[in-house]
Amino acid sequence: MPSSFDIECLEQCITLAVDSVASGGGPFAALLVRDGQVIARAWNRVVPDCDPTAHAEVQALRQGGAVLDTPHLDGCTLYASCEPCPMCLAAALWGRVSRIVYAAPHDEAIRAGFADTHIARQLYGQSGPVALQEGLLEPCPVPGLSAPFDAWLARSDRIPY
């Protein structure tokens, strides 16, 4: 069951994701938290950085590793404005993140043109992960979860990727 802290973190992610769109980034954002402290805030920088790996979750993991001075992020929770794509999920697993909580389901990303289902099918043989540790990946729909995607779709100068 999501806590009020989980909801607050996801609301921050949604705000960051909307801000990301306004500054030319994609409609995604993430926070990395350990012991109730936000140690990293990140948003999607794929287009501004010309880096296909600059997803919000990966950016947050990179920052968190630097802040904590370790690649091992045990005890951390990754909060994401949207259900992580296969790359971001794998990065979080590789970093040993203990928990991932997300707001928008994959369908919202698809609605906005971010269709990575073909990647998931190649990796997993289906549209989502085959099996994950119980409680690792938690959906937490919060009000406004569509706002980053609505902002993205409203931009006539968006660069699809």
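In this text, all values refer to a predicted model and were calculated from it rather than measured experimentally.
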| field | Spatial distance of atom SG (Cys9) from atom CD1 (Ile14) [nearest 0.5 Å] | value | 11.5 Å
| query | Side chains of Thr53 and Arg62: do they bring a donor and an acceptor to under 3.5 Å? | reply | yes
| said: Would you say CG of Asp157 has more than 12 non-hydrogen atoms from neighbouring residues, nucleotides or ligands within 6.0 angstrom? | reply: yes
| query | Rounded to the nearest 0.5 Å, what separation is found between the CD atom of Glu83 and the NE2 atom of His106? | reply | 6.5 Å
| Just by distance, do the side chain of Asp6 and the backbone of Ser3 share a donor-acceptor pair under 3.5 Å? | yes
| task | Quick one: closest heavy-atom pair of Met87 and Pro52, and the distance? | result | CE-O, 3.9 Å
| Which heavy-atom pair separates Arg155 from Gly24 by the least distance, and what is that distance? | NH1-N, 4.0 Å
| task | Could you walk me through whether Val101 and Leu10 pass side chain to side chain contact (heavy atoms under 4.5 Å, CB included), step by step? | result | CA-CA 8 Å; Val101 182; Leu10 290 173; 3.8 Å; yes
| said: If hydrophobic residues (ILVMFWY) are linked whenever their side-chain heavy atoms come closer than 4.5 Å, directly or via other members, who joins Ile110 in its cluster? | reply: none
| note | Closest non-hydrogen atoms of Asn44 and Ser20, given as atom of the first, atom of the second and distance, are O-OG, 3.4 Å
| message | Would you say Leu153 ends up clustered with Tyr161 if hydrophobic residues are merged whenever their side chains have heavy atoms under 4.5 Å apart, either directly or through other cluster members? | response | yes
Can you give me every donor-acceptor pair (side chain of residues 25-40, partner residue at least two apart or in another chain, under 3.5 Å) with its distance?
from	atom 1	to	atom 2	distance (Å)
Arg34	NE	Asp74	O	3.3
Arg34	NH2	Asp74	O	2.5

| said: Could you work out, with salt bridge (charged side-chain N to carboxylate O under 4.0 Å, His left out) as the rule, every residue matching Arg111, not counting sequence neighbours? | reply: Glu108, Asp150
| request: Just do the side chain to side chain contact (heavy atoms under 4.5 Å, CB included) check on Glu57 and Leu78 with the steps written out, would you? | output: CA-CA 7 Å; Glu57 297 91 335; Leu78 180 64; 3.9 Å; yes
| Side chain proximity check, Leu61 to Leu73, heavy atoms < 4.5 angstrom | yes
| note | In short, Arg41 meets Gln63 closest at the heavy-atom pair O-OE1, 3.0 Å
| request: Might you point out which heavy atoms bring Pro148 and Val21 nearest each other, and give the distance in Å? | output: O-CG2, 3.8 Å
| said: Counting C-beta onward and ignoring hydrogens, is there a side-chain heavy-atom pair between Ile100 and Glu138 closer than 4.5 Å? | reply: no
| query | Please walk me through it: do Leu68 and Cys76 pass side chain to side chain contact (heavy atoms under 4.5 Å, CB included)? | reply | CA-CA 11 Å; Leu68 297 173; Cys76 290; 3.9 Å; yes
| said: Is any side-chain heavy atom of Ile119 closer than 4.5 Å to one of Cys85? | reply: no
| field | Side-chain touch Tyr79/Cys140, heavy atoms, less than 4.5 angstrom | value | no
| Is there a path of hydrophobic side-chain contacts, each under 4.5 Å between heavy atoms of I, L, V, M, F, W or Y residues, that connects Leu16 with Val142? | yes
| field | Spatial distance of atom CG (Leu89) from atom OH (Tyr102) [nearest 0.5 Å] | value | 10.0 Å
| Mutual orientation of the aromatic rings belonging to Phe114 and Trp152 [parallel < 30°, tilted 30-60°, perpendicular > 60°] | tilted
| request: Run through Ser81, Cys13, Pro105 and flag the one making a side-chain contact (heavy atoms from CB on, under 4.5 Å) with Leu145. | output: Pro105
| note | Nearest heavy-atom contact between Gln59 and Ala42 is CB-CB, 3.5 Å
| query | So, do Val97 and Leu93 sit near enough that their side-chain heavy atoms are less than 4.5 Å apart? | reply | no
